[in-house]
Amino acid sequence: MTYSDDPRLLVIENRLRRVKNIVPIMSSKGGVGKTLIATLMALLSAENGLRTGLFDLDITDPSAHIVLGIDPSKIQPIEEKGVIPPKIHGIKFMTVTYYSQENPIPLRGFEIDNVIRELLAITQWGELDILFIDTPPGLSDESLDVLTYLRNPKPIVVTTPSPLSMKSIEKLLTVLIEQGIDLLGIVENMVLTKTNNNIYSLCKKFNVKYIGRIPYDPEIDKAIGDINSIRNTLFYKYLKEIFKQIKEKLIYDESI
């Protein structure tokens, strides 16, 4: 698609012009903790003094606001030549739930893609060091199309050690690498044992960095919606170490 086909693509490019790093958080299937990792990565980024944005682009099942513990009906973006996302816990946060509330959004593929383009076009981020994007899961058109609308995206892929997740993650990595996408690496979530050679072998096969692992933490579900409680979980402790690696990588690339 070109600018003449949809002028919003040029608008999106301008909206993201002052964003130094765009980090989509991706997964080959749902239920692996992608939203939780995307949201808490943004929280850690803001805690580290970085100008941070979080964009929930999982249009039909947005849930980053639940992790953050906010009621979208009580918060609205500022409308000024587009929309300016409100700051939540130090994060500029944009989600379709500001408009849909908690109502279902029964859209088909092309309709989802249209909403994604519209949200990207109207949102004013200003200057950011990192914009994290919670993408739709899987290999659907909308999950892959998101990457084409972004300037130099650096995705993080989230997986679990389960055989089902392993099979689907291999397909996602194949597609991303064929498209020439530069991945930051893979995060392994819900780990029950210390090592999983299958994940390491997969990283070696695709020449992708293994960023780190997060053990299964039964307490994290109880903490969702309460940021102070989340900060005291094992999940958050391990994610802190993973974020350090990501931050160092971005600084090494002279992006921040």
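Computation of the quantities below employed the complete heavy-atom set of this structure, encompassing side-chain atoms and omitting hydrogens, waters and symmetry-equivalent molecules.
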### Task
Test N48 against F243 for side-chain contact (heavy atoms from CB on, under 4.5 Å), laying out the working first.
CA-CA 10 Å; N48 276 263; F243 178 76; 3.6 Å; yes
### From CA spacing to verdict: side-chain hydrogen bond (donor to acceptor under 3.5 Å, both in side chains), N114, R117
CA-CA 5 Å; N114 189 54; R117 270 182 265 163; 5.1 Å; no
### Task
Using the salt bridge (Lys or Arg N to Asp or Glu O under 4.0 Å) rule, take K154 and D182 through it: C-alpha gap first, then chi angles, then the decisive distance, then the call.
CA-CA 6 Å; K154 301 169 184 175; D182 182 22; over 6 Å; no
#### Entry: Audit row: R231, E47, side-chain contact (heavy atoms from CB on, under 4.5 Å) steps and yes/no
CA-CA 11 Å; R231 289 189 177 110; E47 288 178 353; 2.5 Å; yes
#### Entry: Test side-chain contact (heavy atoms from CB on, under 4.5 Å) applied to L107 and V115, step by step
CA-CA 9 Å; L107 299 175; V115 172; 3.8 Å; yes
### Task
Walk me through it: do K34 and D134 pass the test side-chain contact (heavy atoms from CB on, under 4.5 Å)?
CA-CA 7 Å; K34 171 181 59 65; D134 184 12; 2.5 Å; yes
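Here F55 and F132 keep their ring centres 6.0 angstrom or further from each other.
Distance alone, capped at 3.5 Å, places no donor-acceptor pair between the T148 side chain and the L144 backbone. Listed for the T52 side chain is a donor-acceptor partner under 3.5 Å among the backbone atoms of L50. Checked by atom type and distance alone, the side chain of T135 never pairs as donor or acceptor with a backbone atom of S143 at under 3.5 Å. Looking at D145, its side chain never comes within 3.5 Å of a backbone N or O of D113 through a donor-acceptor pair. The backbone N or O of L120 lies less than 3.5 Å from no partner atom in the side chain of T123, so there is not a single donor-acceptor pair. R15 contributes no side-chain N or O that, together with a main-chain N or O of Q124, makes up a donor-acceptor pair within less than 3.5 Å. Side-chain atoms of N232 come within 3.5 Å of backbone atoms of N228 as a donor-acceptor pair (strictly under, hydrogens ignored). The closest donor-acceptor contact from the side chain of S63 to the backbone of I66 lies at 3.5 Å or more, if one exists at all. Side-chain atoms of S28 come within 3.5 Å of backbone atoms of I169 as a donor-acceptor pair (strictly under, hydrogens ignored).
Contact of the S73 side chain with the Y98 side chain is not registered, since no non-hydrogen atoms from C-beta on lie closer than 4.5 Å. Residues I130 and R51 fail the side-chain proximity criterion, which asks for heavy atoms closer than 4.5 Å. In this structure, the side chains of M94 and P77 come closer than 4.5 Å at one or more pairs of heavy atoms.
Considering V23, L16, N21 as possible partners of L131, the one that fulfils the side-chain contact (heavy atoms from CB on, under 4.5 Å) test is L16. For the side-chain contact (heavy atoms from CB on, under 4.5 Å) test with L54, the passing option among L68, I25, I133 is L68; the others fail.
Y210 and Y200 have tilted rings, their planes meeting at an angle from 30° to 60° on a 0 to 90° scale.
Contact record, T39 with A64: OG1-CB, 3.5 Å, taken as the closest heavy-atom pair.
More than 12 heavy atoms of other residues, nucleotides or ligands sit less than 6.0 Å from atom CG of N14. Counting non-hydrogen atoms of neighbouring residues, nucleotides and ligands closer than 6.0 angstrom, the CD atom of E80 reaches no more than 12 such neighbours. Counting heavy-atom neighbours within 6.0 Å of E79 CD, excluding the residue itself, gives a total of 12 or less.
In summary, R151 and E13 do not engage in a salt bridge, as defined by a charged side-chain N under 4.0 Å from a carboxylate O. Ion pairing of E170 with K205 is present here, as a side-chain N (NZ or NE/NH1/NH2) and a carboxylate O approach within less than 4.0 Å.
Between T159 and S165, the side chains place a donor N or O and an acceptor N or O closer than 3.5 Å (distance only, hydrogens not considered). For the residue pair T160 / N189, no side-chain donor-acceptor distance below 3.5 Å is found, with atom types taken as modelled.
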